[in-house]
Structures are given as structure tokens and as C-alpha cells.
Chemist: 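Before I ask anything, let me first share the structure, which is written out below as C-alpha cells.
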Amino acid sequence: MADSFQPDRIQKLEDLKASGVDPYPATPPASRAMAADVLATFENCVGDEVTLCGRVMARRGYGKLAFLDLADQSGRIQAVMEKALLSPEDFSLLKMMNLGDLVEITGELKPTQKGQPSVYGKSMRILTKALLDPPAKWQGLQDTELRARMRYVDLFSNDEVRQRFQKRSAIMSAMRRVFEKHAFLEVETPVLHPLYGGANARPFTTHHNALDMGLYLRIAPELYLKRLLVGGMERVYEFARVFRNEGLSNRHNPEFTMLEFYQAFTDYRTMIDLTESLVAAGAQAAGLEPKGGKLLTTFRGKEYDLTAPFQRVRWADAFENKVGCSPTDTSAVLAKLKEEDIQASSSEGYGWWKAVNDLFERLVEPTLQGPVFVIDYPAAICPLAKPIAEDPVWAERFEFFLGGMEIANAFSELNDPQKQLENFQAQVAEATNDPESPNAVDHDYIRALAYGMPPAGGCGIGMDRLIMVLLGVDTIRDVLLFPHMRPETEEAE
RNA sequence: GGGGGCAUAACUCAGUUGGUAGAGUAGUUGGCUUUUAACCAAUAAGUCCUAGGUUCAAGUCCUAGUGCCCUCACCA
């Protein structure tokens, strides 16, 4: 991309330098007030002198007077620049200033004749000269590609974008407080994995030069977090950036944030309770307020009530309800598979249940608007989950659906090393058919289990999707500061 | 990958039946001491996404490409 600056701004930059002004001064302001704080306490502070820093968002100029709208992270405040109050040098700075420049203004707080709380500038400095024009002051930046590609412009020119990401931060902060309340430790586990596992997804690959070894970017942190359970860290969580080498859509980004948490000496029932607590905390942080006994969010034109407890439905019941037969009625399911043109690679085990699950995904999942917990999945498709002792066809697993999307996935974690080894070996055998199946057994993980992993519940939450629903944002790109984009095409230079 | 849509000034957008490229904002110049999308006057600013084609003539029609959006498929 060619580096280009606005010629008229370059001219003003030169004018500034010629008059002895550093357009990028090093010295920060001695003290600084935030616009929102000033406005909140304005009546009690009239007459006080404050220093404000921010970006000039609008200017209404007169001959010997100018009104500036100054924006900082907290909000906007008006500065009144009167020639009579300013030194000639400072007043002349207004001529060399453009919209978008970052300035420091020191002055007295006073309402204008129309009563608007303002700072009457006594002195000003240009802190940063901007060399490109900001977007149109009224419409802002509209082009969705440019908004995502130049999020730095989108953020300063669009208040609700900045607020959205402030809320995203607040949601994650509130969820951390839930974990702290329950004595969880926040941990960080490797992003570079010698083996990939913990989910079915195609990985990104990379290479470590010094060790001359191939590595994968993690598709899930699961297997490392469970090693920590073996080590005696009984309650751990990680906001894990994970990477999946798959397509993009309004709910898929190649890198996204997966919250995973594990609690020893519990099972998936505890994970349901925790998930409900986390959603509630997130909803509150997102600014949703209970009305008439309901906690409503609007997502893609539909209302969702986030009041816990959420509905629970057994996987088998949901299947039978929508497909019309029991998932264990082999001949009836076979007929349905034919009807839907789904091929089972085997008449039993993983191959069979994968096909039955495909049927579920096609016929049942689209009807799961949620919030709903789907409980007890076929054990054959849950290699990391503990089977139900009384009926081992099923595993202690749930998925949480909200807004028509899969938001969370949780198990009672399988801690039988021999059973885990068998499941891994079966997955590796499957990898020839399914490129998303792990291609190697993680023997170190088996060794860890062999030392004894406490029974535990574990859960993964797709943070970006949850935030989409909580904030009523239709596409994942709009809850990611820098969503994945194709590289900008190089222009001829 | 299939189907549909969009691409014009720094920004937001018009552009009729194919006939000289338009407006508002931002910029520049001048005026203005109470505006808040300030106002008045003047002025500068274009690879009409790219490459072909049809035509006397293409921003406009055709073909292909590129990018983005929507949608379907895929994404346990």
C-alpha cells in the first residue's frame, strides 16, 4: 500500500514547524481531566482550571472565536477558544489545526451563553498532527470493509463501536470475577502445540527453526488444562485464543476466543450451574436489565430471555421429537439416513454415531434457538467425555445453544487412561477418512491421566458468539477488534 | 464451491434513454465573538475497481477478473 498523506495537512505541518512548534511533542500534560468526569461534576467545578486532551472532532469557527468538540475515551466536551483569552501564538495554532488532530487545552470551566458546559481555553498545544482526514463528521465511516480493516478509524469516529468494545471488556471482566469468587486460577497454556487435539478441526501449521520441528497453532486448550488438574490445580480457566483453519462466516473467524474452565471433583452438572452464572454476569455487564421478570436480549430480530435456569433437553429426546424416531432404533434411523442422503461409514461405533449426529445437526440443531442445554450425547462421538455409568451408550456431555448458535460444550471429563487411549487410537484410525480428526495419539496426555486426573467437569464457551448475542450484534466481525481479512491488494507504486 | 447484490472525489452518496463527471461534508481563500451537522461567498479536488468487447460515443450495455456484503453448502 502506498503511503499517502493529505497535501494540505503536510502544508500545515510545515507551517507548524516553521513557527517553532513541535507537531509531535514528547512532554505529556502534567495532569489531565477526562471529559465525562468534568461534565458529570460540572456545576460544582465552574471556575476551576483543567487540562483536557483529545481529538478535535468538530469545529465551528468565527473570526475571533472558535468552538471545538474535543473527544477523549470517556466522551466529548466543548472547548471555547476566544482570541481575547489566548496568546497570539496559541490562537494562531487554530489556523494550523485540522479535524482529527490531537490537542491539549487548558482553561476555565464555564457554561456558554447558551448554557453548555465548556472549557474556555487559556492555552493549547497540538499533541499530534494528523496527516489524513477523518471520515465525514456526520455519516462516519460506512464501508464495512474499511471499518474492519481500519478499526482505528472506526473506533474514534463511531461512538457505539467504542462502547461495544468497552462492553466486551466489561463482560470478560465480569466473568473473571465469577471465577475469582469460586476460587478459580487464571492460567496460560501453550499456543504452539506439537500435536493437535481437544476438538475436531483443521489446524494451522508452523515450524520451529531451532528445533527443526513442525508445530500446530492450538485448536483448543483442553488437553493442557486437564494436565493441570492432574497437577493438583483443581479449578482453572483460560481465555484462550484458538485457531481453526476453516472458512469464514458471520459466526466463524479463523482465530477466536474460547473460554475453557475445569473444576476437579465435580461433573457436568456443576458446569451447567457455572455456565448459567457466567451468562448472567455477562448479561449484567452488557447492560441488560431485568424487566417484568425477564432478562431480554434481541439478536437477529428475535428476543431471548436470559433468565436462568435455562431449559434442559436430553439429546435423545430432542432427536426423537424432531426426527420422529428413537436414536437407538437402528432400522428407523437407517431409513431416515437414507431419506436425508447421509452415509454412515460403519454400522456401529463412531462411524455410525457420527452419521446419527449428522442427522441431529441437520434436523434438530436449526430448531435450537435457545437458551437451552442439550444433554447426554452419544458416547461414541465424545472421545473426551465420561460415559454415563448406568447407560454407557450416552456420555455426560452438554452443549449450550443460544441465538441459534452453539455457544458452549461441556463434559464430565474422561479420566480413565486406558479408555482414553482407546478413544485416541480410534480417532487416529478415523483420520484417514476425516481430515479434522486428530492424526496422532497424545501419549503425554495419556501418561498424565495414568498419574491420576481427578473426576472433573469442564466447559468451553465461544466468547465471541456469546458476546454477539449479549450485545445484539449480528456478525462475529463486529465483536472482533481486528477480524480476519484478506491482505490489502498492493497498489502499483 | 452455488446463487444474488454492490464498487463514482478524502468521507457520505446522486448520476435519467449510452451523448461535456455532480451534490453535501472535509480541504483551501475571504468574512464573522456564542455555535453545536454554524452561516455567507469563492475555489481546488476523479484510474467512475481492473482488463477486454460492442458503439460515432460507455460511469451507464456485454464478457472476464478482483474486493466486499447477503444467502445456501461446509464448519462434530
Side-chain angles (χ1 to χ4, degrees), chain A residues 4-12 56-70 76-85 91 95 97-100 110-118 120 130-150 153 157 198-202 219-220 244-254 256 315 350 353-362 365-366 377-378 380-385 397 399 405-406 409 427 430 434-438 462 474-477 483 485-492:
Chain A
S4 60
F5 310 117
Q6 294 292 121
D8 52 282
R9 286 172 180 258
I10 295 289
Q11 183 58 53
K12 293 195 174 186
V56 179
M57 301 302 287
R59 174 171 52 184
R60 297 170 291 282
Y62 290 79
K64 301 187 179 71
L65 168 74
F67 299 94
L68 305 180
D69 286 349
L70 195 63
R76 290 191 188 201
I77 189 167
Q78 175 170 273
V80 183
M81 308 305 279
E82 275 191 60
K83 188 171 189 180
L85 295 177
F91 189 74
K95 279 276 177 195
M97 191 193 73
N98 295 97
L99 291 188
K110 204 169 75 176
T112 61
Q113 292 175 13
K114 293 263 169 74
Q116 177 167 358
S118 303
Y120 276 70
L131 298 184
L132 288 172
D133 288 344
K137 63 181 173 189
W138 191 240
Q139 295 92 342
L141 195 61
Q142 297 288 327
D143 184 292
T144 52
E145 177 187 356
L146 292 181
R147 290 180 61 180
R149 204 179 277 290
M150 300 197 294
V153 175
S157 57
N200 273 0
R202 297 184 199 211
I219 58 173
R244 298 187 179 180
N245 205 340
E246 291 166 354
L248 293 88
S249 80
N250 58 18
R251 64 193 144 244
H252 295 88
N253 196 67
F256 62 99
W315 188 94
Y350 176 80
W353 282 102
K354 172 82 164 55
V356 180
N357 192 53
D358 285 348
L359 206 51
F360 184 90
E361 282 172 13
R362 185 175 304 179
E365 279 195 8
Y377 277 62
I381 58 163
C382 308
L384 296 162
R397 170 183 181 179
E399 288 197 357
M405 298 184 293
E406 179 191 332
N409 183 19
Q427 280 187 306
E430 188 64 29
D434 179 0
E436 293 181 357
S437 196
D474 287 354
T475 154
I476 195 168
R477 295 157 60 97
M485 310 280 295
R486 289 175 193 261
E488 235 166 314
T489 48
E490 288 287 323
E491 292 159 28

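Throughout, a chain's letter reflects where its sequence line sits, starting with A, and its residues are numbered from 1.
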Chemist: Using both distances under 3.5 Å as the test, list the Watson-Crick or G-U wobble partner of A45(B), or none.
Modeler: none

Chemist: With a 4.0 Å limit, can you tell me whether Arg251(A) has a side-chain N or O closer than that to the phosphate oxygens OP1/OP2 of C74(B)?
Modeler: no

Chemist: Return the pairing partner of G1(B) with a 3.5 Å limit on both distances, Watson-Crick or G-U wobble; otherwise return none.
Modeler: C72(B)

Chemist: Given the structure, check if the side chain of Tyr377(A) and the base of A76(B) hold any donor-acceptor pair shorter than 3.5 Å.
Modeler: no

Chemist: Side chain of Thr144(A) only, please: which of C69(B), C11(B), U34(B) is the nearest?
Modeler: C69(B)

Chemist: In whole angstrom, give me the gap between the C1' atoms of A41(B) and U36(B).
Modeler: 22 Å

Chemist: Could you work out which one of U33(B), A10(B), C69(B) sits closest to the side chain of Gln6(A)?
Modeler: A10(B)

Chemist: Name the pairing partner of G67(B), where a pair is Watson-Crick or G-U wobble with both distances under 3.5 Å, or state none.
Modeler: C6(B)

Chemist: Could you measure between the two C1' atoms, the one in G15(B) and the one in A9(B), and give it in whole Å?
Modeler: 14 Å

Chemist: Go ahead and name the base partner of U34(B); Watson-Crick or wobble counts if both distances stay under 3.5 Å, otherwise write none.
Modeler: none

Chemist: When you compare A21(B) with U25(B), how far apart are their P atoms, in angstrom units rounded to a whole number?
Modeler: 24 Å

Chemist: Classify Asn200(A) by what it touches in the nucleic acid, base, sugar-phosphate, or nothing, heavy-atom distance under 4.0 Å.
Modeler: base

Chemist: Is a side-chain N or O of Arg59(A) found less than 3.5 angstrom from the main chain of Leu68(A), in a donor-acceptor match?
Modeler: no

Chemist: Roughly how far apart, to the nearest Å, are G1(B) and U20(B) at atom C1'?
Modeler: 45 Å

Chemist: Measure across Arg202(A) and Glu246(A) and return the closest heavy-atom pair with its distance rounded to 0.1 Å.
Modeler: N-OE2, 3.3 Å

Chemist: Quick one: label Tyr120(A) by what it contacts on the DNA or RNA (base, sugar-phosphate, nothing), any heavy atom closer than 4.0 Å.
Modeler: base

Chemist: Report, one pair per line, the protein and nucleotides 40-46 of chain B atoms (nitrogen or oxygen only) whose separation is under 3.5 Å.
Modeler:
none

Chemist: Nearest 0.5 Å, what's the CE-CG distance between Met57(A) and Asp69(A)?
Modeler: 9.0 Å

Chemist: Counting any heavy atom closer than 4.0 Å, what does Asp69(A) reach on the DNA or RNA strands: base, sugar-phosphate only, or nothing?
Modeler: nothing

Chemist: In whole Å, what separates the C1' atom of C40(B) from that of U8(B)?
Modeler: 30 Å

Chemist: Just call it for Arg147(A): base, sugar-phosphate, or nothing, with non-hydrogen atoms closer than 4.0 Å on any strand.
Modeler: nothing

Chemist: Do Arg9(A) and Asp133(A) meet the salt-bridge criterion of a basic N to acidic O distance under 4.0 Å?
Modeler: yes

Chemist: Using the side-chain heavy atoms of Asn250(A), tell me which of these nucleotides is nearest: U71(B), G30(B), U12(B).
Modeler: U71(B)

Chemist: When you get a sec, tell me which of A38(B), U34(B), C11(B) is the closest nucleotide to the side chain of Pro135(A)?
Modeler: C11(B)

Chemist: Provide the Watson-Crick or G-U wobble partner of U16(B), both distances under 3.5 Å; none if there is no partner.
Modeler: none

Chemist: Kindly write out the residues that satisfy side-chain contact (heavy atoms from CB on, under 4.5 Å) with Asp358(A), not counting sequence neighbours, or none if the list is empty.
Modeler: Ile342(A), Lys354(A), Glu361(A)

Chemist: If I compare all heavy atoms of Ile77(A) with all of Pro117(A), which pair ends up nearest, and what's the gap?
Modeler: CG1-O, 4.3 Å

Chemist: Assess whether a salt bridge exists between Glu399(A) and Arg397(A), defined as any Lys/Arg side-chain N lying under 4.0 Å from an Asp/Glu carboxylate O.
Modeler: yes

Chemist: Lys354(A) near the nucleic acid: base, sugar-phosphate alone, or nothing, with a heavy-atom cut-off under 4.0 Å?
Modeler: nothing

Chemist: At less than 4.0 Å, is any side-chain N or O atom of Arg362(A) found next to OP1 or OP2 of A73(B)? Yes or no.
Modeler: no

Chemist: When the C1' atoms of G18(B) and G53(B) are considered, how many whole Å apart are they?
Modeler: 15 Å

Chemist: Nearest to the side chain of Glu145(A) - C68(B), G27(B), A76(B)?
Modeler: C68(B)

Chemist: What integer number of Å spans the C1' atoms of A57(B) and C72(B)?
Modeler: 42 Å

Chemist: Going by modelled atom types, is there a donor-acceptor pair between the base of U36(B) and the side chain of Gln116(A) at under 3.5 Å?
Modeler: yes

Chemist: Please confirm whether the shortest side-chain N or O distance from Asn98(A) to OP1 or OP2 of A10(B) is below 4.0 Å.
Modeler: no

Chemist: Lys95(A): which residues meet the side-chain contact (heavy atoms from CB on, under 4.5 Å) condition with it, sequence neighbours left out?
Modeler: none

Chemist: What's the gap between U43(B) and U47(B) when it is taken at their P atoms, as a whole Å value?
Modeler: 22 Å

Chemist: Over all strands shown, is Gln113(A) touching base, sugar-phosphate only, or nothing at heavy-atom distances under 4.0 angstrom?
Modeler: base

Chemist: Considering only U12(B), C32(B), A76(B), which nucleotide approaches the side chain of Tyr62(A) most closely?
Modeler: C32(B)

Chemist: Testing the basics here: between Ala201(A) and Arg244(A), what is the closest heavy-atom pair and its distance to 0.1 Å?
Modeler: CB-CD, 3.5 Å

